[in-house]
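So the structure is just underneath, and the comments pick up after that.
In what follows, residues are counted from 1 in the order of the sequence shown. Counting starts at 1 for both ligands and their atoms, in listed order.
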Amino acid sequence: MNQHSTMATDYFAASELPLLTVSGLTKHYANGRGIDDVSFDIYQGEVLGIVGESGSGKSTLLKCLSGQLEPQQGSIVYRKADLSTVDIYSVSERFRRELQRSDWGLVHQHPSDGLRMNVSAGANIGERLMATGIRHYGNLHNASKAWLSEVEIDATRVNDKPTSFSGGMQQRLQIARNLVTHPRLMFMDEPTGGLDVSVQARLLDLLRNLVAELGLAVVLVTHDLAVARLLSHRLLVMKDGELVEQGLTDQILDDPQHPYSQLLVSSVLTP
Ligand SMILES: Nc1ncnc2c1ncn2[C@@H]1O[C@H](COP(=O)(O)OP(=O)(O)OP(=O)(O)O)[C@@H](O)[C@H]1O
């Protein structure tokens with residue numbers, strides 16, 4: 001077998017195996033609320049939307065998945081690029097941090113939670129690259145400028161601080177900061193929340209193109225079904241901490257089976 005066919009075989013083998021396998025995930029806060037017995041898989045190149053009304057457990061689930069909040073029960077098994085697997089809460093905190101710094105990305109709803117607002121845009125991007133061991137200033141600077149252009153920010157703004165950017169630009173900078181290490185899996189928490197409708201549309205368009213171009217797997221939390229329809233291949237519907245329905249996005253939005261999904265969809269579609 002030549003090198004190309006081996007690579008192709010590896011690619012197909014990798015894409016057939018889940019990137020993340022979530023089993024029986026349970027996290028209760030002291031007040032008894034949280035998430036209960038959630039199980040699903042995510043595959044390479046797939047955008048998985050998590051929808052549900054406020055308080056249904058979307059953020060709690062995302063925090064558990066992204067290594068920020070340890071569940072009381074269940075497991076989250078991540079498949080690394082070499083196809084070996086790790087249970088992310090059975091490994092050390094240090095290993096989890098390494099995953100968060102390179103293999104994974106996390107886009108917060110509020111750019112100020114994911115950016116350092118008092119250092120330049122270039123430093124915000126370069127910093128994440130430095131954490132992977134790249135130190136050469138020229139390389140860091142060039143990579144920062146390239147990624148600014150990639151997210152449609154004029155590269156001449158490389159030395160400007162995010163505080164001088166609009167909300168939409170800050171969000172695009174946050175995305176560039178994450179993408180610079182070529183993550184395989186991105187977690188996004190309401191990435192277009194709080195932006196004007198026209199700014200949202202541009203960001204959604206950019207995200208859709210980047211995700212397809214880079215073959216990223218994305219876990220996207222959103223309460224906005226229009227955002228979910230535009231970006232997600234598959235949807236999980238959460239209610240009161242439980243996963244009540246999962247399936248292809250069009251299937252769930254056009255023909256929801258669970259009464260709660262039907263309510264969720266009809267409350268958006270009915271003027
Ligand atoms: N730190 C916490 N301590 C106690 N209860 C919490 C905490 N965080 C969330 N909860 C509760 O857990 C449940 C799930 O909350 P979560 O924030 O995950 O929902 P959500 O679907 O993300 O809501 P929203 O869309 O409003 O962000 C809710 O009942 C919430 O009140």
Side-chain angles (χ1 to χ4, degrees), residues 20 22-40 42 47-76 88-89 93 96 100 104-115 167 170-171 174-175 178 185-197 199-200 203-204 207 217-232 234-247 249 252-253 256-270:
L20 209 62
V22 179
S23 312
L25 209 61
T26 299
K27 167 70 193 173
H28 290 157
Y29 298 104
N31 58 10
R33 299 192 176 275
I35 54 167
D36 261 312
D37 196 20
V38 174
S39 303
F40 59 93
I42 305 168
V47 180
L48 183 73
I50 303 177
V51 297
E53 65 192 332
S54 181
S56 58
K58 304 182 298 293
S59 302
T60 304
L61 177 56
L62 193 81
K63 282 186 192 148
C64 290
L65 298 178
S66 55
Q68 303 174 78
L69 185 66
E70 186 161 1
Q72 281 115 359
Q73 280 174 45
S75 64
I76 301 166
I88 69 157
Y89 288 104
E93 170 79 32
R96 242 186 339 267
Q100 288 164 339
W104 297 356
L106 176 60
V107 174
H108 300 264
Q109 174 176 0
H110 302 292
S112 57
D113 292 334
L115 291 174
Q170 288 179 1
Q171 200 55 307
Q174 198 191 170
I175 290 162
N178 275 279
L185 177 59
M186 292 271 277
F187 300 100
M188 298 187 187
D189 192 359
E190 305 274 8
T192 59
L195 296 173
D196 287 350
V197 174
V199 179
Q200 265 197 30
L203 186 62
L204 284 170
L207 275 176
V218 178
V219 181
L220 167 77
V221 161
T222 181
H223 70 277
D224 186 335
L225 296 189
V227 169
R229 188 186 292 270
L230 234 132
L231 288 182
S232 316
R234 265 196 314 132
L235 286 185
L236 306 184
V237 183
M238 298 287 297
K239 178 188 188 294
D240 297 336
E242 289 181 12
L243 174 53
V244 295
E245 187 168 355
Q246 58 176 310
T249 300
I252 290 201
L253 295 184
Q257 299 300 308
H258 191 280
Y260 176 74
S261 314
Q262 291 168 352
L263 202 66
L264 199 68
V265 170
S266 66
S267 65
V268 170
L269 298 179
T270 309

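- Considering only residues two or more places apart in sequence or on other chains, S59 meets the side-chain contact (heavy atoms from CB on, under 4.5 Å) condition with D189.
- Ligand 1 lies under 4.0 Å from heavy atoms of Y29, N31, R33, G34, E53, S54, G55, S56, G57, K58, S59, T60.
- Classification of K239 and E242 as a salt-bridged pair fails, no side-chain N sitting under 4.0 Å from a carboxylate O.
- Defined by atom type and a distance below 3.5 Å, a donor-acceptor pair is present between the side-chain atoms of E245 and S261.
- Not one N or O on the side chain of Q100 forms a donor-acceptor pair closer than 3.5 Å with the backbone of L106.
- Residues passing the side-chain contact (heavy atoms from CB on, under 4.5 Å) test with E53 are Y260, sequence neighbours excluded.
- Applying the salt bridge (charged side-chain N to carboxylate O under 4.0 Å, His left out) test to residues at least two apart or on different chains, none of the pairs has a partner in residues 58-73.
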